[in-house]
Amino acid sequence: MAIWSAKFLSEHTLTALGVVAGLLVGASPGRARAERPLAEFVRAARARGFEAREGEALVEQRAAEAERAWQRLLPSLTASAELVRNQYEAVARLPAAAGEAPREAVITPRTRRELTAAVTMPLVDVGAWYSVASSVSAREAERARRASGSLDVDGRVASAYYRLLGAEAVAAAARRKAKTAEENAAFVAERHGAGLATELDLRRARSEIARDEQAVAEAEYAVASLRRSLETLSGLEAPAGGAPPRDDLREEAPLADWLPRAASHPSARAAALDADAAEKGAAAQRAALWPTLSAQASERFTNAAGFGASPAYAFGLVATWRLDPSTPAAARALEAAALASRVRSERASRAAADQVYDAWHKVRAQAAKGRAARAEREAAGAASALARERYGSGRATLLEVLQAERDEFAAEVACAQADAELAAARAALRLAAGRPLEGGAP
């Protein structure tokens, strides 16, 4: 009995040491002990993830649209060339002064060749100016949205990463529990052979092995699923190994220090820039009622100059005033859309602040959960050790031992999950405040 008890106490000690070393949560994600740190997955997701590539394409689209709006204010060149074959040639003969030969002017040559080049330069176009400003705001909004998307990707990667580490820790604990159940069954079988244990105890010990094998299978399934999710997000293979880093369960800085950072979150800036772009677009539509002024210059080369000369140039100013009855209604529609965009901007700012508020309180709750999980694990470990000792001395039943070990395993699982959730919550708080996970650490 003493040998069996010492053996299981030794096993319990090793299990407890493994839990303390591998399951305790940490505040700094940079200290995670996976084969690949969080920083690698974050960088890969930013560079190769689906959202990152789509965001880059949208930013490029808005940049090209802004460039096009600017270029519409630059001079434009128009060139045209004509080659016409006429059935008849028209030539005008002019009387000449005394002693001079008559003059001829070709009005319509048999083959007319003509080349005209014209340059137009917008001078005053208020609507185009507002359109440029609107496109620039839209471009900056897309860039801010891209930055917000990067933070969202960081959050999903961090969540998947820490959940995977927690699942790895649970799987390791399940395998240790299964090994202990096999040793339990072997010892009970020895006692049964010696007439010191009942047939029911032997069956219970063997059924515990099947129960633990099921727990191992479920834990390994969770690991495989989370590993696949992380690989999909980052494009990197997620190798086995690692555990949530150790955390001192400290409190975060006061909430009042975090809330002001929400105003600079890229999602809030993107919404504000969208509203600004919509307002300038409405102003551009309203300015379509105003006249425009442009300068033109042209050069004409022809073999049918008639009474003139070739080549010949021309300069001029062109004022255009277009009154479209539908313009005021279109402007009112865009102004209403701009007002809705401004409301969305206010809502986005509030949502960013709410996200910081919720994330801060979640960290606080998870820290409390982590402290409770550690205390429960210590108590369950002590109860399990006591049950094994009592069973070894004949003062407890095998059922009590099995229940105590189940409670201990449940406490280890709860602790591992609390550790992973706390690490992810700390990362989420920093991302909510607009701070990217530089180096993989919040």
Least distance between heavy atoms, [X] atom then [Y] atom:
X    : Y    : result
V153 : A45  : CG1-CB, 3.5 Å
A418 : A373 : CB-CB, 4.3 Å
V223 : A171 : CG2-CB, 4.1 Å
S148 : S267 : OG-CB, 3.4 Å
L236 : E231 : O-CG, 3.0 Å
A160 : L233 : CB-CD1, 4.1 Å

With a 4.5 Å cut-off on side-chain heavy atoms, are [Y] and [X] touching?
X    : Y    : value
H361 : L255 : yes
E405 : N184 : yes
R206 : R211 : no
E89  : V91  : yes
R146 : E56  : yes
L289 : P328 : yes
E252 : R430 : yes
K179 : R175 : no

Exercise for the section: In plain terms, say whether R62 and E65 are close enough for a salt bridge, that is, a side-chain N and a carboxylate O under 4.0 Å apart. Expected result: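 Answer for the salt bridge query: yes.
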Handout entry: Salt bridge flag under 4.0 Å for residues E335 and R286
Key =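 Judged by the 4.0 Å cut-off on N to carboxylate O distance, E335 and R286 do form a salt bridge.
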Give, for atom [atom1] of [X] and atom [atom2] of [Y], the distance between the pair rounded to the nearest 0.5 Å.
X    : Y    : atom1 : atom2 : answer
L123 : L293 : CG    : CG    : 5.0 Å
F41  : Y161 : CZ    : OH    : 6.5 Å
N303 : R113 : CG    : CZ    : 4.5 Å
Q403 : S384 : CD    : OG    : 10.5 Å
S349 : H265 : OG    : NE2   : 11.0 Å
D152 : R145 : CG    : CZ    : 12.0 Å

[X] side chain vs [Y] backbone, donor-acceptor pair below 3.5 Å:
X    : Y    : answer
S229 : S225 : yes
D324 : S326 : yes
R227 : A238 : yes
W258 : W360 : no
D407 : A380 : no
T120 : Q296 : no
R110 : Q87  : yes
D125 : T292 : no

Practice task
Quick one: do R374 and E376 satisfy salt bridge (charged side-chain N to carboxylate O under 4.0 Å, His left out)? Show the steps, please.
Solution key: CA-CA 5 Å; R374 294 184 188 186; E376 290 176 5; over 6 Å; no
I'd like to know if the side chain of [X] pairs up with that of [Y] as donor and acceptor (distance under 3.5 Å, no hydrogens or angles considered).
X    : Y    : result
S150 : R46  : no
R344 : S341 : yes
Q71  : E67  : yes

For residues 134-141, dump all side-chain donor-acceptor pairs below 3.5 Å to protein atoms at least two apart in sequence or in another chain.
from	atom 1	to	atom 2	distance (Å)
S134	OG	A277	O	2.8
S135	OG	S131	O	3.3
S135	OG	V132	O	2.8
S137	OG	A133	O	3.3
S137	OG	D276	OD2	2.6
S137	OG	K280	NZ	3.4
E140	OE2	R143	NH1	3.1

For [X], look at atom [atom1] and say whether over 12 heavy atoms of other residues, nucleotides or ligands are found less than 6.0 Å away.
X    : atom1 : value
R322 : CZ    : no
E54  : CD    : no
R371 : CZ    : yes
R163 : CZ    : no
Y221 : OH    : no

Exercise for the section: Take T116 and T78, measure what side chain to side chain contact (heavy atoms under 4.5 Å, CB included) needs, and give me the verdict at the end. Expected result: CA-CA 8 Å; T116 303; T78 303; over 6 Å; no
Exercise for the section: Verify side chain to side chain contact (heavy atoms under 4.5 Å, CB included) between N86 and V84, making sure each step is shown before the conclusion. Expected result: CA-CA 6 Å; N86 297 303; V84 179; 3.6 Å; yes
Exercise for the section: For D354 and R350, run salt bridge (charged side-chain N to carboxylate O under 4.0 Å, His left out): C-alpha distance rounded to whole Å, both residues' side-chain angles, the deciding distance at 0.1 Å, then the answer. Expected result: CA-CA 6 Å; D354 290 346; R350 179 67 182 189; 3.4 Å; yes
Exercise for the section: With K177 as reference, evaluate E408, E208, E213 under the salt bridge (Lys or Arg N to Asp or Glu O under 4.0 Å) test and give the passing residue. Expected result: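 With K177 as partner, E408, E208, E213 yield a single salt bridge (Lys or Arg N to Asp or Glu O under 4.0 Å), made by E208.
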Practice task
Determine, stepwise, if the pair R250 / R426 fulfils side chain to side chain contact (heavy atoms under 4.5 Å, CB included).
Solution key: CA-CA 11 Å; R250 73 185 187 282; R426 291 192 189 277; 4.2 Å; yes
Problem - Full working for side chain to side chain contact (heavy atoms under 4.5 Å, CB included) between E299 and F301 - result: CA-CA 7 Å; E299 186 85 8; F301 301 83; 3.4 Å; yes
Exercise for the section: I would like to know whether R85 and T111 meet side chain to side chain donor-acceptor pair (under 3.5 Å); could you show each step before the answer? Expected result: CA-CA 5 Å; R85 179 68 176 176; T111 301; 2.6 Å; yes
